[in-house]
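These figures come from a predicted structure and were not determined experimentally. Sequential numbering from 1 along the given sequence is applied to the chain's residues.
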Amino acid sequence: MRQLLPDGTPLRSAGVLPDELAQILGEGMRVVDDCLIVGKSNAVPRLDSIRAYVMDKSGYECSVNHVHLKERGDSATVLRHAVAFCRQVSVEALRVAPNRSLRFIISKNGEDWTVHFHTLRTDEPSWVSDDLEGYEEEAVLVLDSTELRRTF
C-alpha cells in the first residue's frame, strides 16, 4: 500500500465518491445491537444469530460493514475512492452516533479491494493485526475516523 501513498496524496485528496458507494451510504446508517451498521440494516443477520462466527461486536461490524471495489483503471484511483467512502462514513457516523470512533481497514489483494470498518472499543481488540507488514498476500491500510477528520 505504501507504493500508492508515496507522498500521502490519495489521503489528502480523497476524490469523488462513486455512485455505487454513494448508494450504500444513501441506504442509511443505524445502531443495531450497539453496533453501527451502514446500508440496509434489515438485510443483515442480527448479532446474536451469528455471534459464534464473529466472536464480538467489532467482528460483527466488520462482517456486515464491508464493501468490495473492483479495480478499474489504476490502484491510486481506487484507493482515493475507498478513502472517500471512509470519510463519508465517518461524517455520517458523527451524526448517527456522535461519541463513536471508527477504524477502517482498506485492503487490496490482486485487483480486489475491500473496505471494512468497526467501532473502536476499549474492551475488544482491533479486527486487524498491528503488524500490517505481516499480511503477505495483500496490502492493508488502517485509518481511524479521528485521523480522517484531521486529514480533510
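- When ring centroids are compared, H118 and H116 stay outside the 6.0 Å threshold.
- When all heavy atoms are compared, the tightest approach of N65 to I37 is OD1-CA, 3.6 Å.
- Here D34 pairs with K57, R100 under the salt bridge (Lys or Arg N to Asp or Glu O under 4.0 Å) rule; sequence neighbours left out.
- Judged as a ring-ring contact (aromatic ring centres under 6.0 Å, His included), and not counting sequence neighbours, the contacts of F117 are F104.
- Partners of E124 according to the salt bridge (Lys or Arg N to Asp or Glu O under 4.0 Å) rule, which considers only residues two or more places apart in sequence or in another chain, do not exist here.
- Here the OG atom belonging to S90 is positioned 6.0 Å from the CG atom belonging to L102, to the nearest 0.5 angstrom.
- Shown here for R95 and P98, the closest heavy-atom pair between the two residues is O-CD, 4.3 Å.
- The structure places NZ of K108 at 8.5 Å from CG of D112, a figure rounded to the nearest 0.5 Å.
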Requested in this report: For the pair L143 and L141, evaluate side chain to side chain contact (heavy atoms under 4.5 Å, CB included) and give the outcome as yes or no after the intermediate values.
Outcome: CA-CA 7 Å; L143 299 169; L141 174 65; 4.2 Å; yes
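- Judged purely by atom type and a 3.5 angstrom limit, Q88 has no side-chain atom pairing as donor or acceptor with the backbone of F85.
- Atom CG in D123 sits 8.0 Å away from atom OG in S58 (nearest 0.5 Å).
- Across all their heavy atoms, S145 and S101 have their closest contact at OG-CA, 3.4 Å.
- Here the closest heavy-atom approach between residue A84 and residue L17 is recorded as C-CD1, 3.8 Å.
- The nearest pair of heavy atoms linking L21 to H81 is CD1-O, 3.8 Å.
- Without hydrogens or angle criteria, D56 side chain to G59 main chain gives a donor-acceptor distance under 3.5 Å.
- E138 pairs by the salt bridge (Lys or Arg N to Asp or Glu O under 4.0 Å) definition with nothing, not counting sequence neighbours.
- The minimum heavy-atom distance linking H68 with T114 is given by the pair ND1-OG1, 3.5 Å.
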Report task. Dump the intermediate steps for side chain to side chain contact (heavy atoms under 4.5 Å, CB included) on R103 and V142, then the final yes or no. Result -> CA-CA 7 Å; R103 171 150 297 153; V142 176; 3.5 Å; yes
Report task. Could you walk me through whether V96 and V31 pass side chain to side chain contact (heavy atoms under 4.5 Å, CB included), step by step? Result -> CA-CA 8 Å; V96 173; V31 176; 4.2 Å; yes
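- Between atom OG of residue S107 and atom NE2 of residue H66 there is a gap of 11.0 Å, rounded to the nearest 0.5 Å.
- In this structure, the side chain to side chain donor-acceptor pair (under 3.5 Å) partners of D74, at least two apart in sequence or on a different chain, are T77.
- Using modelled atom types, one side-chain atom of E61 and one backbone atom of T119 make a donor-acceptor pair closer than 3.5 Å.
- In terms of hydrophobic clustering, with Ile, Leu, Val, Met, Phe, Trp and Tyr side chains grouped at heavy-atom distances under 4.5 Å, L120 and V91 are assigned to different clusters.
- For E111, the side chain to side chain donor-acceptor pair (under 3.5 Å) test picks out no residue, with sequence neighbours left out.
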